[in-house]
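Report on one structure; see the data block that follows.
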Amino acid sequence: MSKKENTNKFKASWTYDKAPESTDHIQIKKQYELFIDGKFVKPVKGKYFDTTNPSNDKKIARVAEATKEDVNKAVKAARNAFKNWSTLDGKERGKYVFRIARLIQERAREFAVIESLDGGKPIRESRDIDIPLAANHFFYYAGWADKLEYAFPNKKPKPIGVAGQIIPWNFPLLMAAWKLAPALATGNTVVLKPAETTPLTALRLAEIIQQSGLPDGVVNIVTGAGETGASIVNHPDVDKIAFTGSTGVGKYIQKATAGTGKKLTLELGGKGANIIFEDAAIDQAVEGIINAIFFNQGHVCCAGSRLFVQESVADLVIRKLKHRIDTLIIGDPLDKNTDIGAINSKKQLQTIKNYITIGLNEGAEIYQPKCTLPKFGNWCAPTLFMNVSQSHRIVQEEIFGPVLAIQTFRTIDEVIEKANNTPYGLSAGVWTDKGSKIFYLTQKLNAGVVWANTFNKFDATSPFGGYKESGFGREGGLHGLYPYVKFD
Ligand code: NAI
Ligand code: MG
């Protein structure tokens, strides 16, 4: 039997059985209201929008659309709550934050299923990464609440006031945790807006916040799309804006807040360089490349979407990479074996498809595995582009999908120059056996995070954020406290 026949036989006889996560225990309401001043309230104008399941196009629930009037109410509630919350003993504040962390942990399975239903990410990721990390952030910042004087020795940190927080759809609960936990620990009150395609876990979090006994108005959650977000940004009584999302909207927010005295942090797009040297452990590096670009369907601001392989091992790495993506399982996000779930929205799928067409028109060589994509919902096969150069749009622009642009290099100086040649500066990865090379590159690469012999690793204790068009400000770790305090 030839090698090829052997491989085909193996594939035919070793298919995976279905392993769906049960949804029996999940109760999703038909309609969700806004969470303002500790209560679920109807939107003033009575408008609602649908959130769907991107893996089958089915509607999951109707969600309230907050208008300016609702945002006004939310900001007012947050302002009223600020007086007591900001003067509460840090130890007491910490207890509430800790309680929220515990409640997320207790209901982790429920959160994971809802995250995958509403956003399309594989249950393996929401179960093992998103939800545990979200709890972890609350635990971590709960610990800081009564130790702020140690975080900022000889200074007197004070909370800023009302924080407006706008988050995206790629890590819905986790981004809510990144924003809420440090704000609460430092004594601020919050108006949070989840993304319009993935509001359900934030609304479940609102239920937990109610259960935790957190004083009314300390956290308010308003749902809606860009206009709702803009109402928060432009509200005169908001003291700070924290935004994660597209560079375009980030620029708009920066303009809108300029000169208003509002504090601002922006966590925007990226085009991370993943660099493989010839002395790297190649099989591990191939797994790292897969994780860097196909994790969460590539809907990751710090994705390793530009691969740089040293020329001497390029053929080997690309061959192994093609082989590996042939085995990725694409399909039902709730199946425990799924590697790549659904693309979050029709709009995002269209963006990705446009970029694939652009890549082909620019003359790049494409590789996609032969896989059957589900009939309904939004799907995109994992895609490799070879023979690309720095001037290709698929190398310069953020695609935010499972699409990898592969280039080769010969020398360290060459790869540093290529890696830094982008408007972004969020993440990078270096794969090599030599510690000295790692340290040299971490100094030279213009990126907020540089991973060595790993990729897409996150931890609550570790700061995250970017340079240039990837934004400014840090989230996570001690650094994540800064955006929420001021000093006299
Ligand atoms: P987006 O930036 O429009 O959405 C992010 C959040 O901002 C959502 O909650 C949205 O409702 C809100 N928003 C939209 N317009 C606003 C405005 N004028 N004022 C205040 N808030 C506003 O991102 P979109 O359109 O969903 O995705 C487009 C591209 O953005 C993606 O293809 C990707 O390249 C990038 N992106 C980057 C993310 C990151 O984590 N850095 C997350 C999401 C998208
Ligand atoms: Mg949805």
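Note that ligands are numbered from 1 as they come in the structure, with each ligand's atoms numbered from 1 the same way. Just so we're clear, the structure is a prediction, and the values are computed from it rather than from any experiment.
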Problem set entry | By side chain to side chain donor-acceptor pair (under 3.5 Å) - contacts of Y140 (at least two apart) | W144
Exercise. Going by the angle between their ring planes, with limits at 30° and 60°, are F40 and F35 parallel, tilted or perpendicular?
Worked result: tilted
Measure and list all N/O to N/O distances between ligand 1 and the protein that fall under 3.5 angstrom.
from, atom 1, to, atom 2, distance (Å)
ligand 1, 2 (O), S246, N, 2.8
ligand 1, 2 (O), S246, OG, 2.6
ligand 1, 9 (O), I167, O, 2.8
ligand 1, 9 (O), K193, NZ, 3.0
ligand 1, 11 (O), K193, NZ, 2.8
ligand 1, 11 (O), E196, OE1, 2.7
ligand 1, 19 (N), A230, N, 3.4
ligand 1, 25 (O), K347, NZ, 2.7
ligand 1, 26 (O), W169, NE1, 2.6
ligand 1, 32 (O), Q348, OE1, 3.0
ligand 1, 32 (O), Q348, NE2, 3.2
ligand 1, 34 (O), E398, OE1, 2.6
ligand 1, 40 (O), N170, ND2, 3.3
ligand 1, 41 (N), G245, O, 3.3
ligand 1, 41 (N), L268, O, 2.8

Exercise. Within a radius below 2.8 Å of the Mg ion (ligand 2), how many protein N, O or S atoms are present?
Worked result: 5
Exercise. So among L321, V395, I276, I289, which one has a side-chain contact (heavy atoms from CB on, under 4.5 Å) with I406?
Worked result: L321
For this session: For the residue pair Y355 and Q350, confirm or rule out a side-chain donor-acceptor distance under 3.5 Å.
Result: no
For this session: Anything under 30° is parallel, anything over 60° is perpendicular, the rest tilted; go ahead and classify H299 against W169.
Result: perpendicular
Problem set entry | Nearest atoms (heavy-atom pairs only) where P199 meets V63 | CG-CG2, 3.9 Å
For this session: Report the residues that fulfil side chain to side chain contact (heavy atoms under 4.5 Å, CB included) with K255, sequence neighbours left out, ordered by chain and then residue number.
Result: none
For this session: Assess the side chains of D118 and T198: does a donor N or O sit below 3.5 Å from an acceptor N or O?
Result: no
Exercise. Is the number of heavy atoms from other residues, nucleotides or ligands within 6.0 Å of OH (Y467) greater than 12?
Worked result: no
